[in-house]
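Structure, as structure tokens:
In what follows, every chain begins at residue 1, and chains take the letters A, B, ... in the order their sequences are listed. Just so we're clear, the structure is a prediction, and the values are computed from it rather than from any experiment.
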Number of protein chains: 2
Amino acid sequence: MGTEGLRERKKEQTRAALSWAALRLSVERGYRNVLVEDIAADAGVSPRTFNNYFASKAEAIVWRHINRAKAMSGLLRDRPRDEPLWTALAEASASLVDDGGVPPDPDWVAGVRLMLTEPEVLGEVLRRTVEAERTLAEAIAERTGMDAGKDLYPRLVAAALSAAQRVASEQWMQEGNDLSMAACLREAIGQLAAGLPEPPH
Amino acid sequence: MGTEGLRERKKEQTRAALSWAALRLSVERGYRNVLVEDIAADAGVSPRTFNNYFASKAEAIVWRHINRAKAMSGLLRDRPRDEPLWTALAEASASLVDDGGVPPDPDWVAGVRLMLTEPEVLGEVLRRTVEAERTLAEAIAERTGMDAGKDLYPRLVAAALSAAQRVASEQWMQEGNDLSMAACLREAIGQLAAGLPEPPH
DNA sequence: CCGCAAAGTTGCGGGACACGCAAGTTCGTG
DNA sequence: CACGAACTTGCGTGTCCCGCAACTTTGCGG
């Protein structure tokens, strides 16, 4: 049998179904026009059950995205130890979104737009991202021989990286942008690692 | 008469009273134990009126903080034009919280703690901060001769600065920290401007 | 000084949400 | 196959946010 038995698998399945339904419906009709009731119906469970899995609509929508973000620390740990930190961070970030030249899934694009657009969703995603930063800071601390609890550096790097990821997403979403998400990420993180030098003017 | 007549002044007064009450009560009894009803009562208006001013408890609590954040762009514009961008940003940030050696107001400290601690409030403050970043990005764009709408740089700087401010606050709040808030800010922003170099280990 | 339009406040009511609780149902292990 | 644990569901409750329609205050022009 799979990980942790059939029960656990079924739970994860329902959770995914709910998250997916929440995202899809919100993209289709707009966040405010979707009731918890609708999401539950779409996933084939009762409205009450929805709240056994997620504490809010926003949390459900954001769940998949946050799961990806949480993978960052693992990805960072997998990078070669002799690689410069910022290269490792940039490549780990890029690998999270790299489609290998395949044009991005329109549903995913719509999802990203939703998270940057709908205030309530944005609040949730930012909040959860800050949460995930703690784990990332741990990984950075480990790599640099520091203490994420006491030293400023690891948390600062994690926070700056999150910021860069968000801005890169915005930039990528903009009208008339021909770069890939991965390219936007590398660009933003590169500038960050260079100290965001003020260009001569 | 003052700015925009008595009517406007009274409105701002009520708004401030509500925000203040929301913050104070939440610090005293904990965010979840405060009803909109309580806040309204404390400010001497009806519960319904509360929602004429703020769309949520969290928004009321965060209002003062965000007002300060919005002042950043103005402060940046007031810095000498020949000052390096990052010096200007650091000094503008520091001046927002500089008490000139006076120990910080315990109520303000409790407020900051609340914003970093209570999930709902944190979500709101992050969301509004991102909003305020747009204005800051405009100011940075102006200073560097760029276009905040198209260029990545100004938004990236604004976002990174916000991140640094948040982490600096966390660091400052930590047990066994003897630095001032302004010092924490200068430290964090300094590291950012230096490209967050990986220290040798 | 006064009355009137604009702006602000309030109460009411409804829609939605989140969650505690206590049944009922399903699962998987011994 | 039987039994306890885990999960689902319905119900009820407390809270929130806001539209709407009175009512009250404000301040301006005659």
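- In plain terms, the two heavy atoms of B/Leu192 and A/Ala160 that are nearest each other are CD1-CB, 4.0 Å.
- Between B/Asn52 atom CG and C/dA6 atom P the separation is 19 Å, expressed in whole Å.
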Notebook entry, point to check: How would DNA chain C look in dot-bracket form, 5' to 3', counting Watson-Crick and G-U wobble pairs with both distances under 3.5 Å and writing | for bases paired to another strand?
Noted result: ||||||||||||||||||||||||||||||
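- If you check residues 23-35 of chain B against DNA chain D, the residues with a heavy atom closer than 4.0 Å are B/Val34, B/Leu35, listed by number.
- Within residues 55-63 of chain A, no residue has any heavy atom closer than 4.0 Å to DNA chain D.
- Between B/Glu8 atom CD and D/dT25 atom P the separation is 19 Å, expressed in whole Å.
- Rounded to whole Å, the distance from NZ on B/Lys11 to P on C/dA6 is 16 Å.
- Between A/Phe54 atom CZ and C/dC19 atom C1' there is a gap of 16 Å when expressed in whole angstrom units.
- The stretch residues 39-51 of chain B touches DNA chain D through B/Arg48, B/Asn51, each having a heavy atom within less than 4.0 Å of the strand.
- Of the residues in residues 120-129 of chain B, not one places a heavy atom less than 4.0 Å from an atom of DNA chain C.
- At the phosphate of D/dC7, neither OP1 nor OP2 sits under 4.0 Å from any side-chain N or O atom of A/Lys10.
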For residues 60-74 of chain B, which side-chain donor-acceptor pairs fall under 3.5 Å, sequence neighbours excluded?
residue	atom	partner	partner atom	Å
B/Arg68	NH1	B/Leu96	O	2.7
B/Ser73	OG	B/Lys70	O	3.3

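- Atom C1' of nucleotide D/dT8 and atom CG of A/Leu18 are separated by 12 Å, given to the nearest angstrom.
- In this structure, A/Lys57 contributes its side chain and A/Tyr31 its backbone to a donor-acceptor pair below 3.5 Å.
- Listed pair B/Tyr53 / C/dT9 meets the phosphate criterion, a side-chain N or O lying under 4.0 Å from OP1 or OP2.
- Here B/Asn33 contributes atom CG and B/Asp38 contributes atom CG; the two are 9.5 Å apart, rounded to the nearest 0.5 Å.
- Note on B/Arg128 versus B/Glu124: salt bridge recorded, some NZ/NE/NH1/NH2 to OD/OE distance being below 4.0 Å.
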Note to self: Run the side-chain hydrogen bond (donor to acceptor under 3.5 Å, both in side chains) test on A/Gln174 and A/Glu170 for me, step by step, so that the C-alpha distance in whole Å, both residues' side-chain angles and the decisive distance to 0.1 Å come before the verdict.
What the structure shows: CA-CA 6 Å; A/Gln174 268 191 0; A/Glu170 284 173 14; over 6 Å; no
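- Scanning both residues, A/Leu89 and A/Ile189, for their nearest heavy atoms gives O-CD1, 4.4 Å.
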